[in-house]
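When a residue number appears, it is its place in the shown sequence, counting from 1.
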Amino acid sequence: MSDLYLSRIRNWFLSSPPAEWAIRGLRETLIGALKQGPIPRHVAFVMDGNRRYARSHKIETIEGHHLGFEALARVLEICYKCGVKVVTVYAFSIENFNRPKYEVDGLMQLAKVKLEQLIQHGELLERYGASVRVLGERDLLSDDVLEVIDRAVSTTKNNKKCILNVCFPYTSREEMTTAIRSTVEEYSKSSAPKRTPFSQTRITQKIMSKQGDRSGKMESDSSSLGQDPTHTPPGSDDNEDSMSSTTTLYPDSPGRTSKDGSNHVTIFPNVENITTETIDKHLYTADCPPLDMFVRTSGVERLSDFMLWQCHQDTQMFFLKCFWPEFDLWHFLPVLLEWQWRQKKKAMEEGPRQRVKTA
(Lines give C-alpha, C1' and ligand atoms only; values in the text may rest on other atoms or scores of the structure.)
Protein backbone atom coordinates (compact mmCIF):
# COMPACT_ATOMS: atom_id res chain seq x y z
CA MET A 1 0.00 0.00 0.00
CA SER A 2 1.41 3.39 -1.02
CA ASP A 3 2.24 6.18 1.40
CA LEU A 4 -0.55 8.31 -0.10
CA TYR A 5 -3.24 5.81 0.87
CA LEU A 6 -1.73 5.31 4.32
CA SER A 7 -1.75 9.07 4.84
CA ARG A 8 -5.41 9.29 3.81
CA ILE A 9 -6.40 6.46 6.14
CA ARG A 10 -4.49 8.09 8.98
CA ASN A 11 -6.15 11.46 8.39
CA TRP A 12 -9.58 9.83 8.15
CA PHE A 13 -9.08 8.03 11.43
CA LEU A 14 -7.76 11.08 13.27
CA SER A 15 -10.67 13.21 12.03
CA SER A 16 -13.31 10.79 13.29
CA PRO A 17 -15.31 12.01 16.34
CA PRO A 18 -14.05 9.34 18.78
CA ALA A 19 -10.43 9.96 17.82
CA GLU A 20 -10.84 13.75 18.02
CA TRP A 21 -12.42 13.45 21.48
CA ALA A 22 -9.62 11.19 22.74
CA ILE A 23 -6.87 13.39 21.28
CA ARG A 24 -8.45 16.55 22.71
CA GLY A 25 -8.60 15.01 26.18
CA LEU A 26 -4.99 13.83 25.94
CA ARG A 27 -3.85 17.28 24.80
CA GLU A 28 -5.55 18.97 27.75
CA THR A 29 -4.00 16.48 30.15
CA LEU A 30 -0.52 17.01 28.76
CA ILE A 31 -0.82 20.80 28.79
CA GLY A 32 -2.09 20.68 32.38
CA ALA A 33 0.92 18.60 33.36
CA LEU A 34 3.31 21.02 31.64
CA LYS A 35 1.84 23.95 33.55
CA GLN A 36 2.96 22.37 36.82
CA GLY A 37 6.55 23.22 35.95
CA PRO A 38 8.30 26.42 34.82
CA ILE A 39 6.99 27.92 31.59
CA PRO A 40 8.97 30.24 29.28
CA ARG A 41 7.58 33.76 29.16
CA HIS A 42 8.88 34.62 25.68
CA VAL A 43 9.17 32.13 22.81
CA ALA A 44 10.33 32.90 19.25
CA PHE A 45 9.62 30.73 16.20
CA VAL A 46 11.27 30.68 12.80
CA MET A 47 8.46 29.23 10.67
CA ASP A 48 10.72 27.51 8.15
CA GLY A 49 9.98 24.76 5.66
CA ASN A 50 6.70 25.80 4.03
CA ARG A 51 8.09 25.63 0.49
CA ARG A 52 9.92 22.34 1.01
CA TYR A 53 6.78 20.87 2.57
CA ALA A 54 4.81 21.93 -0.50
CA ARG A 55 7.37 20.39 -2.87
CA SER A 56 7.52 17.13 -0.93
CA HIS A 57 3.72 16.85 -0.99
CA LYS A 58 3.46 18.05 -4.62
CA ILE A 59 1.24 21.01 -3.90
CA GLU A 60 1.48 24.69 -4.81
CA THR A 61 3.97 26.79 -2.86
CA ILE A 62 1.29 29.21 -1.71
CA GLU A 63 -0.69 26.26 -0.33
CA GLY A 64 2.33 25.33 1.76
CA HIS A 65 2.35 28.85 3.21
CA HIS A 66 -1.39 28.55 3.88
CA LEU A 67 -0.82 25.36 5.87
CA GLY A 68 1.95 27.20 7.71
CA PHE A 69 -0.53 29.81 8.93
CA GLU A 70 -2.81 27.03 10.15
CA ALA A 71 0.11 25.56 12.08
CA LEU A 72 0.67 28.98 13.66
CA ALA A 73 -2.89 28.97 15.02
CA ARG A 74 -2.28 25.56 16.61
CA VAL A 75 1.00 26.66 18.15
CA LEU A 76 -0.46 29.89 19.53
CA GLU A 77 -3.22 28.01 21.34
CA ILE A 78 -0.70 25.59 22.84
CA CYS A 79 1.58 28.41 24.00
CA TYR A 80 -1.17 30.54 25.52
CA LYS A 81 -2.74 27.55 27.24
CA CYS A 82 0.60 26.65 28.78
CA GLY A 83 1.07 30.20 30.07
CA VAL A 84 3.52 31.74 27.58
CA LYS A 85 3.09 35.52 27.64
CA VAL A 86 4.85 36.59 24.41
CA VAL A 87 5.13 34.70 21.11
CA THR A 88 7.30 36.20 18.37
CA VAL A 89 7.16 34.67 14.88
CA TYR A 90 9.34 35.32 11.85
CA ALA A 91 6.66 35.71 9.19
CA PHE A 92 8.53 37.49 6.40
CA SER A 93 12.15 38.53 6.02
CA ILE A 94 13.19 41.66 4.15
CA GLU A 95 15.43 39.33 2.14
CA ASN A 96 12.30 37.48 0.95
CA PHE A 97 11.56 40.34 -1.41
CA ASN A 98 14.28 38.79 -3.59
CA ARG A 99 12.05 35.77 -4.23
CA PRO A 100 9.96 35.48 -7.42
CA LYS A 101 7.36 38.23 -7.70
CA TYR A 102 4.43 35.83 -7.92
CA GLU A 103 5.45 34.23 -4.61
CA VAL A 104 5.93 37.60 -2.87
CA ASP A 105 2.54 38.81 -4.14
CA GLY A 106 0.96 35.57 -2.99
CA LEU A 107 2.45 35.92 0.48
CA MET A 108 1.22 39.51 0.77
CA GLN A 109 -2.25 38.46 -0.31
CA LEU A 110 -2.19 35.54 2.13
CA ALA A 111 -1.15 37.86 4.95
CA LYS A 112 -4.06 40.17 4.15
CA VAL A 113 -6.52 37.27 4.13
CA LYS A 114 -5.28 35.84 7.42
CA LEU A 115 -5.27 39.22 9.13
CA GLU A 116 -8.80 39.83 7.87
CA GLN A 117 -9.85 36.48 9.34
CA LEU A 118 -8.14 37.47 12.56
CA ILE A 119 -10.20 40.65 12.69
CA GLN A 120 -13.50 38.97 11.88
CA HIS A 121 -13.00 35.74 13.84
CA GLY A 122 -10.51 36.56 16.57
CA GLU A 123 -11.87 34.13 19.15
CA LEU A 124 -8.43 32.68 19.88
CA LEU A 125 -6.85 36.04 20.67
CA GLU A 126 -9.88 37.24 22.60
CA ARG A 127 -10.01 34.04 24.64
CA TYR A 128 -6.44 34.45 25.85
CA GLY A 129 -6.33 38.27 25.82
CA ALA A 130 -3.58 38.47 23.19
CA SER A 131 -2.76 41.64 21.29
CA VAL A 132 -1.21 41.64 17.81
CA ARG A 133 1.89 43.69 17.04
CA VAL A 134 3.48 43.81 13.61
CA LEU A 135 7.22 44.53 13.81
CA GLY A 136 9.36 45.49 10.87
CA GLU A 137 10.01 47.95 8.07
CA ARG A 138 6.55 49.32 7.29
CA ASP A 139 7.85 51.46 4.42
CA LEU A 140 8.36 48.32 2.33
CA LEU A 141 4.67 47.34 2.47
CA SER A 142 1.89 48.53 0.17
CA ASP A 143 -0.91 50.72 1.45
CA ASP A 144 -3.57 47.99 1.27
CA VAL A 145 -1.44 45.65 3.42
CA LEU A 146 -0.71 48.45 5.91
CA GLU A 147 -4.43 49.19 6.22
CA VAL A 148 -5.22 45.60 7.20
CA ILE A 149 -2.25 45.52 9.61
CA ASP A 150 -3.38 48.71 11.34
CA ARG A 151 -6.91 47.36 11.73
CA ALA A 152 -5.65 44.10 13.22
CA VAL A 153 -3.45 45.96 15.69
CA SER A 154 -6.22 48.40 16.59
CA THR A 155 -8.78 45.62 17.08
CA THR A 156 -6.63 43.78 19.63
CA LYS A 157 -4.92 46.73 21.32
CA ASN A 158 -7.06 46.40 24.46
CA ASN A 159 -5.96 42.80 25.06
CA LYS A 160 -3.35 42.98 27.82
CA LYS A 161 -2.65 39.40 28.94
CA CYS A 162 -0.52 38.09 26.05
CA ILE A 163 1.31 39.40 22.99
CA LEU A 164 1.74 38.08 19.46
CA ASN A 165 4.67 39.74 17.68
CA VAL A 166 4.53 39.19 13.92
CA CYS A 167 7.86 40.17 12.33
CA PHE A 168 6.80 41.29 8.85
CA PRO A 169 8.97 42.35 7.01
CA TYR A 170 11.91 42.13 9.37
CA THR A 171 15.61 41.51 9.82
CA SER A 172 17.48 41.83 13.08
CA ARG A 173 20.14 44.05 11.53
CA GLU A 174 17.45 46.48 10.43
CA GLU A 175 15.96 46.46 13.93
CA MET A 176 19.33 47.17 15.56
CA THR A 177 20.02 49.93 13.04
CA THR A 178 16.70 51.55 13.88
CA ALA A 179 17.41 51.25 17.62
CA ILE A 180 20.85 52.85 17.28
CA ARG A 181 19.44 55.62 15.11
CA SER A 182 16.76 56.35 17.74
CA THR A 183 19.39 56.37 20.49
CA VAL A 184 21.53 58.86 18.57
CA GLU A 185 18.51 61.10 18.05
CA GLU A 186 17.68 60.93 21.76
CA TYR A 187 21.20 61.85 22.84
CA SER A 188 21.45 64.63 20.25
CA LYS A 189 18.57 66.56 21.77
CA SER A 190 19.49 69.26 24.26
CA SER A 191 17.61 69.66 27.50
CA ALA A 192 17.15 72.95 29.31
CA PRO A 193 18.51 73.06 32.88
CA LYS A 194 16.10 73.29 35.78
CA ARG A 195 15.10 76.83 36.64
CA THR A 196 16.66 78.02 39.91
CA PRO A 197 16.91 81.45 41.58
CA PHE A 198 20.58 81.52 40.53
CA SER A 199 21.25 79.92 37.16
CA GLN A 200 24.59 78.35 36.26
CA THR A 201 25.24 81.09 33.70
CA ARG A 202 24.59 83.84 36.26
CA ILE A 203 26.91 82.21 38.78
CA THR A 204 29.68 81.93 36.18
CA GLN A 205 29.29 85.56 35.21
CA LYS A 206 29.33 86.62 38.89
CA ILE A 207 32.58 84.76 39.58
CA MET A 208 34.32 86.23 36.55
CA SER A 209 33.20 89.76 37.36
CA LYS A 210 34.41 89.38 40.96
CA GLN A 211 37.78 88.17 39.75
CA GLY A 212 38.07 91.19 37.46
CA ASP A 213 37.16 93.69 40.19
CA ARG A 214 39.48 92.00 42.68
CA SER A 215 42.48 92.20 40.33
CA GLY A 216 41.76 95.88 39.65
CA LYS A 217 41.46 96.68 43.34
CA MET A 218 44.64 94.81 44.20
CA GLU A 219 46.59 96.75 41.57
CA SER A 220 45.36 100.11 42.92
CA ASP A 221 46.10 99.14 46.52
CA SER A 222 49.56 97.86 45.71
CA SER A 223 50.45 100.98 43.77
CA SER A 224 49.41 103.23 46.66
CA LEU A 225 50.99 101.13 49.45
CA GLY A 226 53.92 99.73 47.53
CA GLN A 227 52.81 96.15 48.14
CA ASP A 228 53.10 93.12 45.88
CA PRO A 229 49.96 92.89 43.70
CA THR A 230 49.80 89.15 44.38
CA HIS A 231 49.52 89.75 48.15
CA THR A 232 45.96 89.41 49.44
CA PRO A 233 45.13 91.51 52.49
CA PRO A 234 43.30 89.79 55.34
CA GLY A 235 39.53 90.01 55.31
CA SER A 236 39.35 90.38 51.52
CA ASP A 237 37.12 87.30 51.23
CA ASP A 238 34.53 88.95 53.41
CA ASN A 239 34.58 92.03 51.26
CA GLU A 240 34.11 89.93 48.11
CA ASP A 241 31.13 88.12 49.59
CA SER A 242 29.44 91.42 50.32
CA MET A 243 29.85 92.80 46.80
CA SER A 244 26.78 94.17 45.14
CA SER A 245 25.01 92.17 42.46
CA THR A 246 25.30 95.21 40.23
CA THR A 247 29.01 94.60 39.66
CA THR A 248 30.02 95.30 36.06
CA LEU A 249 30.20 92.14 33.91
CA TYR A 250 32.77 91.37 31.27
CA PRO A 251 31.39 91.87 27.77
CA ASP A 252 32.64 88.43 26.68
CA SER A 253 31.36 86.53 29.71
CA PRO A 254 29.79 83.14 28.84
CA GLY A 255 26.12 82.56 28.39
CA ARG A 256 23.63 82.65 25.55
CA THR A 257 20.73 85.02 25.38
CA SER A 258 17.42 83.75 24.03
CA LYS A 259 14.82 85.82 22.28
CA ASP A 260 13.07 86.66 25.54
CA GLY A 261 16.33 88.05 26.96
CA SER A 262 17.03 85.19 29.40
CA ASN A 263 20.35 83.40 29.53
CA HIS A 264 20.49 79.61 29.18
CA VAL A 265 23.02 76.82 28.76
CA THR A 266 22.60 74.02 26.21
CA ILE A 267 22.91 70.64 27.94
CA PHE A 268 23.19 67.32 26.11
CA PRO A 269 22.86 63.84 27.67
CA ASN A 270 26.16 62.18 28.55
CA VAL A 271 26.94 59.54 25.91
CA GLU A 272 28.92 57.62 28.54
CA ASN A 273 25.54 56.66 30.01
CA ILE A 274 24.58 54.65 26.90
CA THR A 275 24.36 50.97 27.88
CA THR A 276 22.80 47.80 26.51
CA GLU A 277 19.66 48.72 28.41
CA THR A 278 19.55 51.99 26.46
CA ILE A 279 19.51 50.06 23.17
CA ASP A 280 16.92 47.64 24.60
CA LYS A 281 14.52 50.52 25.15
CA HIS A 282 14.60 51.38 21.43
CA LEU A 283 14.07 47.85 20.06
CA TYR A 284 10.77 46.64 18.63
CA THR A 285 10.50 44.26 21.61
CA ALA A 286 11.28 46.93 24.21
CA ASP A 287 8.41 46.08 26.56
CA CYS A 288 8.67 42.28 26.17
CA PRO A 289 10.37 39.92 28.64
CA PRO A 290 13.78 38.46 27.74
CA LEU A 291 13.76 35.71 25.12
CA ASP A 292 13.64 32.31 26.84
CA MET A 293 13.27 29.93 23.89
CA PHE A 294 14.19 30.02 20.21
CA VAL A 295 12.66 27.33 17.97
CA ARG A 296 13.35 26.74 14.29
CA THR A 297 11.86 23.99 12.13
CA SER A 298 13.01 22.29 8.88
CA GLY A 299 16.38 21.11 10.25
CA VAL A 300 18.27 24.32 9.41
CA GLU A 301 20.56 25.37 12.27
CA ARG A 302 21.06 29.12 11.92
CA LEU A 303 19.37 32.29 13.15
CA SER A 304 18.86 33.84 9.69
CA ASP A 305 19.05 37.42 10.95
CA PHE A 306 16.23 36.92 13.49
CA MET A 307 16.31 38.10 17.11
CA LEU A 308 20.10 38.47 17.10
CA TRP A 309 20.09 41.08 19.86
CA GLN A 310 17.42 39.36 21.97
CA CYS A 311 19.23 35.99 22.07
CA HIS A 312 21.36 35.92 25.23
CA GLN A 313 23.22 33.42 27.38
CA ASP A 314 20.02 32.04 28.94
CA THR A 315 18.12 31.63 25.65
CA GLN A 316 17.58 27.96 24.91
CA MET A 317 17.71 27.10 21.18
CA PHE A 318 16.00 24.15 19.51
CA PHE A 319 16.39 23.15 15.87
CA LEU A 320 13.80 20.59 14.78
CA LYS A 321 13.76 18.32 11.74
CA CYS A 322 10.06 18.69 10.92
CA PHE A 323 8.67 21.28 8.51
CA TRP A 324 6.64 24.12 9.96
CA PRO A 325 3.22 22.96 8.57
CA GLU A 326 3.77 19.69 10.47
CA PHE A 327 4.58 21.38 13.77
CA ASP A 328 2.06 20.70 16.56
CA LEU A 329 1.88 19.70 20.23
CA TRP A 330 3.64 16.39 19.63
CA HIS A 331 6.69 18.23 18.32
CA PHE A 332 6.48 21.05 20.85
CA LEU A 333 5.98 18.80 23.89
CA PRO A 334 9.56 17.38 23.91
CA VAL A 335 10.93 20.91 23.46
CA LEU A 336 9.04 22.22 26.49
CA LEU A 337 10.01 19.21 28.58
CA GLU A 338 13.69 19.64 27.73
CA TRP A 339 13.49 23.37 28.50
CA GLN A 340 11.96 22.61 31.89
CA TRP A 341 14.66 20.02 32.57
CA ARG A 342 17.39 22.52 31.71
CA GLN A 343 15.80 25.12 34.00
CA LYS A 344 15.68 22.63 36.85
CA LYS A 345 19.31 21.65 36.25
CA LYS A 346 20.34 25.30 36.19
CA ALA A 347 18.52 25.97 39.48
CA MET A 348 20.25 22.98 41.11
CA GLU A 349 23.66 24.24 39.97
CA GLU A 350 23.02 27.79 41.17
CA GLY A 351 21.71 26.67 44.57
CA PRO A 352 25.10 25.62 46.06
CA ARG A 353 26.74 28.77 44.65
CA GLN A 354 24.24 31.00 46.42
CA ARG A 355 24.72 29.12 49.69
CA VAL A 356 28.49 29.55 49.39
CA LYS A 357 28.10 33.30 48.84
CA THR A 358 25.84 33.73 51.86
CA ALA A 359 28.07 31.58 54.11
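- Without hydrogens or angle criteria, Thr315 side chain to Leu291 main chain gives a donor-acceptor distance under 3.5 Å.
- Phe332 pairs by the ring pair (Phe, Tyr, Trp, His ring centres under 6.0 Å) definition with Phe45, Phe327, not counting sequence neighbours.
- Between atom CG of residue Leu329 and atom CD1 of residue Ile31 there is a gap of 5.5 Å, rounded to the nearest 0.5 Å.
- Side chains of Gln340 and Gln36: no donor on one and acceptor on the other come within 3.5 Å.
- Taking the charged nitrogens against the carboxylate oxygens, Asp48 and Arg296 do have a contact shorter than 4.0 Å, which makes a salt bridge.
- The salt bridge (charged side-chain N to carboxylate O under 4.0 Å, His left out) check on Asp314 picks up Lys346, with sequence neighbours excluded.
- Side chain of Asp280 to main chain of Ala286: no donor-acceptor pair is present (N/O by atom type, distance under 3.5 Å, no hydrogens or angles).
- The distance from atom CE of Met348 to atom CD of Gln343, rounded to the nearest 0.5 Å, is 13.5 Å.
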Worked verdict on Phe319 versus Val295 for side-chain contact (heavy atoms from CB on, under 4.5 Å): CA-CA 6 Å; Phe319 300 98; Val295 179; over 6 Å; no
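- Checked by atom type, the side-chain pair Tyr284/Glu174 shows a donor-acceptor distance below 3.5 Å.
- Other residues sharing the hydrophobic cluster of Leu67, ordered by chain and number and joined by side-chain separations under 4.5 Å: Tyr53, Ile59, Phe323.
- A salt bridge links Asp287 with Arg133: the closest approach of a Lys/Arg side-chain nitrogen to an acidic carboxylate oxygen falls below 4.0 angstrom.
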side-chain contact (heavy atoms from CB on, under 4.5 Å) for Glu338 and Phe318? Distances and angles first, verdict last. CA-CA 10 Å; Glu338 184 173 350; Phe318 300 89; 3.7 Å; yes
Dump the intermediate steps for side chain to side chain donor-acceptor pair (under 3.5 Å) on Thr61 and Glu103, then the final yes or no. CA-CA 8 Å; Thr61 301; Glu103 185 178 350; 5.6 Å; no
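- Proximity of Cys311 to Met317: side-chain heavy atoms (C-beta onward) are separated by under 4.5 Å at one or more points.
- Between the CG atom of Leu141 and the CD atom of Glu147 there is a distance of 13.0 Å, given to the nearest 0.5 Å.
- Using modelled atom types and a 3.5 Å distance limit, the side chains of Glu137 and Tyr170 yield no donor-acceptor pair.
- A distance of 13.5 Å separates OG in Ser154 from CD1 in Ile149, rounded to the nearest 0.5 Å.
- With 3.5 Å as the limit, one finds a donor-acceptor pair spanning the side chains of His282 and Glu186.
- A salt bridge between Lys281 and Glu277 is absent, with no side-chain N of the basic residue lying under 4.0 Å from a carboxylate O of the acidic one.
- Using a 4.0 Å cut-off between a side-chain N of Lys or Arg and a carboxylate O of Asp or Glu, Arg342 and Asp292 do not qualify as a salt bridge.
- Annotation: ring pair (Phe, Tyr, Trp, His ring centres under 6.0 Å) contacts of Phe168 (sequence neighbours excluded): Phe92.
- Thr171 and Arg173 share no side-chain donor-acceptor pair at under 3.5 Å.
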Got a list of side-chain donor-acceptor pairs under 3.5 Å for residues 76-86, not counting sequence neighbours?
residue : atom : partner : partner atom : Å
Glu77   : OE2  : Arg127  : NH1          : 3.2
Tyr80   : OH   : Ile163  : O            : 3.2
Lys81   : NZ   : Glu28   : OE2          : 2.4

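- Using modelled atom types, one side-chain atom of Trp324 and one backbone atom of Gly68 make a donor-acceptor pair closer than 3.5 Å.
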Can Ser131 and Lys157 be said to form a side-chain contact (heavy atoms from CB on, under 4.5 Å), step by step? CA-CA 6 Å; Ser131 60; Lys157 65 180 181 180; 5.9 Å; no
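- Sorted by first and then second residue, the ring pair (Phe, Tyr, Trp, His ring centres under 6.0 Å) pairs with a member in residues 130-155 form an empty list; sequence neighbours excluded.
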